[in-house]
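Data first, discussion second: the structure below is written as structure tokens.
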Amino acid sequence: MQEERIDWPNGAKMALSVVVNVEEGSEMTVARGDKGMEPVDELGIHIRAPIRNYGNESNYLYGIKAGAPRIVKLLRAYDIKASWTVAAMSLENHPEIAEAIAELGHEPVSHGWRWVHQFKLDEDAEREFIRKAVASIEKTVGVRPYGWLSRYFHTDETRRLLIGEGFAYHMDDYSGDVPYWDRETVPGKPLVIVPYQLDNNDMKMWTDPALTPHQWLDYAKANFDQIYREGEEGNAKMMSLGLHLRIIGRPGRIWALEEFFKHVRAHSDVWVTTRHEIAQHFAQVEPA
């Protein structure tokens, strides 16, 4: 059986895609007209009632106030070029995050207009949701997004709508370790799919049973080492590392991210880059 592989620029043994998710400031709350509170919560408390969960809202705000500066500091110190999957409303409510993305020269990826369940929208509403996100992110960051990540699920129409709105790639996919073409959604207009890895995501430190920072670091390093080893054998692939401001940005966890970055920088021939650059490279070496 032949392994999947890709030739990276300058003979790199692997590509590393660091993804910083920004959902804080657009999560569900009755204060924004939602029917209830945000269910994703480190408190572990979710009540199906139209009341505000002030504690969880403050937990999300921690990501903006304290988590983001720590993450930005490490990205800059270790010269890590990241893709920021941003909910557009989050950047409108917290423009300092948009300014940091622009100042770093990193890539904004659309995580929707808000961090809500896009799959519940009909086609017209989803198209408007996509367009609103693009216009907002372009205004706050200064460049439009070319990639898309939904909240959990996408609809049967999502990729067709993304193609129509000028997106270069879609990342709601967990099927492999190299990009590939979706040639079926719109015949004659293929879309690059850049797979994501959920198993490395720092959200695993929130889920029950959750990983400790030590366990998460060990797993992320083991993933990196395996992908790197396969690259040395001639089967180069990519690794994704998903982060959240309110999770890895905590003082008891941020050290694990720094240790991972140290591990990365101890290796040569690693292409640390954005998902858009990965999609563009793939389109060059594997033309549709």
Any side-chain donor-acceptor pair under 3.5 Å between [X] and [Y]?
X	Y	result
S17	S240	no
W206	E42	yes
D34	T29	no
H46	N56	no
Y180	E286	no
Q280	Q284	no

Looking at [X] and [Y], would you say the former's side chain and the latter's main chain have a donor-acceptor pair under 3.5 Å?
X	Y	answer
H111	L149	yes
Y62	I247	no
H281	D7	yes
S136	K132	no
T274	S83	no
R114	F129	no
Q197	D199	no
S110	G112	yes
E258	L74	no
N21	L243	yes

Would [X] and [Y] show up in the same hydrophobic cluster when neighbours are defined by side-chain heavy atoms closer than 4.5 Å?
X	Y	value
Y152	M37	no
W115	F153	yes
Y78	M239	yes
Y196	V109	yes
I227	V178	no

Do the charged groups of [X] and [Y] touch, with an N to O distance under 4.0 Å?
X	Y	result
K237	E3	yes
E123	R160	yes
R131	E165	yes
R229	E232	no
D202	R253	no
D124	R127	yes
E23	R151	no

Below 4.5 Å, heavy atoms only, C-beta onward: do [X] and [Y] meet side chain to side chain?
X	Y	value
P287	W181	no
W84	V141	no
M14	H267	no
R250	P213	no
R32	E27	yes
K35	P50	no
V192	I278	no
L217	H263	no

Locate the shortest heavy-atom distance separating [X] from [Y]; write the atom from each residue and the value.
X	Y	answer
P251	I254	O-CG2, 3.9 Å
P190	A288	CG-CB, 3.4 Å
V86	P108	CG2-CB, 4.5 Å
H170	S150	NE2-OG, 4.4 Å
I97	A68	CD1-CB, 3.6 Å
G25	N93	O-ND2, 2.7 Å

Does a sphere of radius 6.0 Å around [atom1] in [X] hold more than 12 heavy atoms from other residues, nucleotides or ligands, not counting ones at 6.0 Å or beyond?
X	atom1	result
N10	CG	no
Y54	OH	no
E103	CD	yes

Does the plane of the ring in W271 sit parallel, tilted or perpendicular to the ring in W8? Use 30° and 60° as the thresholds.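 Aromatic pair W271/W8 classed tilted.
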Would you check, one step at a time, whether the test side-chain contact (heavy atoms from CB on, under 4.5 Å) holds for H276 with V194? CA-CA 9 Å; H276 190 201; V194 182; over 6 Å; no
Just to verify, which of N59, I47, L43 counts as forming a side-chain contact (heavy atoms from CB on, under 4.5 Å) with N53? L43
Is it possible for you to check whether R246 lies under 6.0 Å from the centre of the six-membered ring of Y60, through NZ or CZ, and within 45° of that ring's axis?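 Ring-cation test returns yes.
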Is it the case that R144 places NZ or CZ above or below the six-membered ring of F167, under 6.0 angstrom from the centre and within 45 degrees of the axis? yes
Show, in sequence, the C-alpha distance, side-chain angles and deciding distance for W255 and H214, and conclude whether the side-chain contact (heavy atoms from CB on, under 4.5 Å) test is met. CA-CA 10 Å; W255 68 269; H214 291 86; 3.5 Å; yes
Going through the distances and angles, do I248 and M205 end up as a side-chain contact (heavy atoms from CB on, under 4.5 Å)? CA-CA 9 Å; I248 201 67; M205 289 186 275; 3.6 Å; yes
Can you measure from CG (L245) to CG (L61) and round to the nearest 0.5 angstrom?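 The distance works out to 11.0 Å.
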Straight-line distance of L91 CG to E96 CD, nearest 0.5 Å: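 L91 CG to E96 CD: 9.5 Å, rounded to 0.5 Å.
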Assess the residue pair V270 and F224 against the criterion (side-chain contact (heavy atoms from CB on, under 4.5 Å)); give the C-alpha distance rounded to whole Å, side-chain angles, the decisive distance to 0.1 Å, and a yes or no. CA-CA 10 Å; V270 178; F224 177 92; 3.9 Å; yes
Less than 6.0 Å separating the ring centroids of W148 and H154?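 Centroid distance W148-H154: not below 6.0 Å, so no.
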